[in-house]
Amino acid sequence: MTRVLVLNSGSSSVKYRLFDGRRTLARGLVERIGEDGGDAADHAAALRRIMESVDLDGLAVVGHRVVHGGTEFDSATLIDDDVAAVIERLIPLAPLHNPAALSGITVARKLLPEVAQVAVFDTAFHRTIEPAGITYAMDAALAERWGVRRYGMHGTSHAYVSRRTAALLGLAPEAANIITLHLGNGASACAVRGGRSVATSMGMAPQQGLVMGTRSGDIDPTVIFHLHRAAGMPVDEIEHSLTRAAGLLGLTGDNDMRAVQRRRQQGDPAAGLAFDVYCRRIKEYVGAYLAVLGRADAIAFTAGVGENSPEVRAAALSGLDGLGIAVDRHRNEQIAPNERGEQVVSPDGSPTAICVVPTDEELEIAQQSVAALGAGQSAR
Ligand code: ADP
């Protein structure tokens with residue numbers, strides 16, 4: 001078995017998990033980095049703490065989650081100085097995410113110089129989408145000059161969940177058409193044909209597509225021009241509003257779907273509307289991706305909301321019986337999941353199976369890191 005340390009460095013936190021093969025040996029979170037009374041003064045101190053607290057004996061590779069790989073990376077990549085420089089160059093595309101990943105990489109390379117480091121990109125899985133699926137219809141030269149196009153995110157989750165869904169249904173991955181719905185704080189949909197992403201809802205940044213905890217998802221870009229001109233809001237303020245104060249939070253004051261559902265049950269109209277907007281957006285993307293794929297063997301729900309909310313699953317797919325899509329009311333309560341928490345929740349014999357498949361991005365990062373390490377060694 002191979003020991004892998006997975007690091008997910010955010011702007012103010014570092015999540016870590018130590019694997020031995022598929023088994024988790026240790027996991028934890030260093031939070032409020034840089035804050036008064038936080039767990040660590042900076043990323044270097046956070047990583048030092050992690051490395052002191054886990055047993056790094058026999059560690060083969062460190063896998064780093066990196067949100068944005070631009071057009072440069074289409075798979076997990078062994079990190080050297082050049083790769084680190086490209087990740088740095090991509091910061092303008094992901095100013096909120098890539099700097100933290102980069103500091104995690106820099107510090108880990110310094111602290112563990114003998115251990116191979118791999119970058120696993122959220123965007124990489126979507127590099128298989130054809131040009132027509134990633135091109136925004138705008139001034140082509142301007143878009144080219146500034147890297148403006150769809151990249152898509154949550155790739156490690158969509159890759160993992162689509163593969164697990166095929167396995168759950170006993171389908172060969174290369175023959176399966178699957179729509180994956182990652183519904184966490186961030187949310188995105190993905191159409192997967194034969195194990196390759198062919199469409200996804202997030203865009204240049206994690207802002208486009210589905211309604212999220214605090215992000216708007218799809219809006220008309222005119223909203224931004226209007227708020228700037230008519231309301232006199234500076235661009236930074238509009239960005240903050242649409243990324244941190246929108247989505248469920250903007251519509252209800254709560255970014256947590258559990259709270260929204262509770263209030264909806266109690267008859268709160270704002271929560272009712274937010275739930276409907278959230279579920280309708282999912283349905284619109286399911287329809288679009290059915291059209292992209294031609295047919296779907298399965299629709300898989302994952303992440304916090306997808307795994308835990310029978311209400312959202314039922315509402316998002318309601319009224320689609322004519323398309324061969326139906327949720328079994330009893331199964332949807334997840335009475336009998338397998339040991340991984342996976343379950344089919346559609347009636348037997350449905351043309352499109354509806355599944356609940358818990359995601360495990362860290363395990364996927366660990367496995368991709370080991371694969372990249374093996375590929376790197378055999379290339380040498
Ligand atoms: P992250 O994107 O941060 O990894 P998660 O995948 O943990 O987020 O998802 C967080 C979301 O899942 C929150 O909005 C939370 O309300 C929602 N959630 C968790 N449990 C439930 C539940 N039982 N019912 C509805 N939503 C839930």
Side-chain angles (χ1 to χ4, degrees), residues 6-17 27-32 65 67 94 96-97 100-101 120 122 152-161 164 180-190 200-202 205-217 243-266 268 270-272 274-279 281-282 300-317 327 332-335 337 340-343 345 356-365:
V6 172
L7 294 177
N8 184 349
S9 304
S11 54
S12 68
S13 70
V14 179
K15 254 196 255 178
Y16 68 92
R17 192 156 150 203
R27 66 196 305 170
L29 172 70
V30 181
E31 292 183 279
R32 292 180 292 123
R65 177 190 181 214
V67 167
L96 303 177
H97 296 99
V120 180
D122 263 23
M153 280 80 202
H154 286 148
T156 47
S157 179
H158 291 300
Y160 176 85
V161 170
R164 283 302 319 155
T180 46
L181 300 167
H182 179 110
L183 311 176
N185 279 315
S188 66
C190 184
T200 197
S201 61
M202 279 181 169
Q207 174 70 9
Q208 198 181 347
L210 303 180
V211 177
M212 315 188 203
T214 67
R215 290 180 225 142
S216 61
T243 58
R244 305 281 173 106
L248 295 177
L249 181 66
L251 291 174
T252 68
D254 268 311
N255 69 338
D256 189 314
M257 182 53 96
R258 283 166 292 202
V260 173
Q261 289 184 173
R262 211 176 307 119
R263 286 172 49 188
R264 171 176 177 258
Q265 292 285 320
Q266 294 159 355
D268 178 330
F275 181 89
D276 292 347
V277 172
Y278 185 97
C279 294
R281 186 77 54 83
I282 297 170
F301 285 87
T302 195
V305 176
E307 292 165 27
N308 297 301
S309 176
E311 293 91 335
V312 167
R313 294 193 295 261
L317 300 182
V327 171
N332 192 30
E333 302 295 324
Q334 271 229 289
I335 309 305
R340 295 174 190 246
E342 301 163 347
Q343 193 184 356
V345 298
V356 177
V357 175
T359 191
D360 194 338
E361 289 168 280
E362 286 145 4
L363 176 60
E364 179 70 16
I365 290 170

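Residues take their numbers from the sequence shown, with the count starting at 1. Counting convention: from 1, in listed order, for ligands and their atoms alike. What you are looking at is a predicted structure, and each value in this text was computed from that prediction instead of being measured.
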Trainee: Any atoms of ligand 1 less than 4.0 Å from a non-hydrogen atom of Asn255? List them with their elements.
Mentor: 14 (O)

Trainee: Name all residues meeting the side-chain hydrogen bond (donor to acceptor under 3.5 Å, both in side chains) criterion together with Thr200; count only those two or more places apart in sequence or in a different chain, and write none if there are none.
Mentor: none

Trainee: Check whether more than 12 heavy atoms from other residues, nucleotides or ligands sit under 6.0 Å from atom CZ of Arg340, and answer yes or no.
Mentor: yes

Trainee: Between Ser309 and Gln261, does any side-chain donor sit less than 3.5 Å from a side-chain acceptor?
Mentor: yes

Trainee: For ligand 1, which is the ligand I care about here, please tell me if Gly184 has any N or O atom under 3.5 Å from one of the ligand's N or O atoms.
Mentor: no

Trainee: How far is atom 23 (N) of ligand 1 from its nearest protein heavy atom, and which residue and atom name does that atom have?
Mentor: Asn308 CB, 3.3 Å

Trainee: Got the closest protein heavy atom to atom 6 (O) of ligand 1, with its distance?
Mentor: Gly304 N, 2.8 Å

Trainee: Among protein heavy atoms, which sits nearest to atom 17 (C) of ligand 1, and what does the distance come to when rounded to 0.1 Å?
Mentor: Val305 CG2, 3.6 Å

Trainee: Could you tell me the residue and atom name of the protein heavy atom closest to atom 14 (O) of ligand 1, and the distance to it rounded to 0.1 Å?
Mentor: Met257 N, 3.4 Å

Trainee: Are His182 and Thr302 linked by a side-chain donor-acceptor pair shorter than 3.5 Å?
Mentor: no

Trainee: Quick one: nearest non-hydrogen protein atom to atom 13 (C) of ligand 1, plus distance?
Mentor: Asn185 OD1, 4.0 Å

Trainee: Can you name the residues that form a side-chain hydrogen bond (donor to acceptor under 3.5 Å, both in side chains) with Glu361, not counting sequence neighbours?
Mentor: none

Trainee: N/O to N/O below 3.5 Å, does that happen between Asp256 and ligand 1?
Mentor: yes

Trainee: Under 4.0 Å from any heavy atom of Ala303, which atoms of ligand 1 are there?
Mentor: 6 (O)

Trainee: Counting only nitrogen or oxygen atoms and a 3.5 angstrom limit, does Leu183 reach ligand 1?
Mentor: no

Trainee: Flag the pair Thr156 / Arg65 as yes when at least one side-chain heavy-atom distance between them is below 4.5 Å, and no otherwise.
Mentor: no

Trainee: Below 4.0 Å from any atom of ligand 1, is there a heavy atom belonging to Leu248?
Mentor: no

Trainee: Which heavy atom of Gln207 sits nearest to which heavy atom of Ser216, and what is that distance?
Mentor: NE2-OG, 2.9 Å

Trainee: Give me the one residue out of Thr180, Asp360, Thr359 that meets side chain to side chain donor-acceptor pair (under 3.5 Å) with Ser157.
Mentor: Thr359

Trainee: Identify, by atom number and element, the atoms of ligand 1 in contact range of Ser309, meaning under 4.0 Å from any of its heavy atoms.
Mentor: 25 (C)

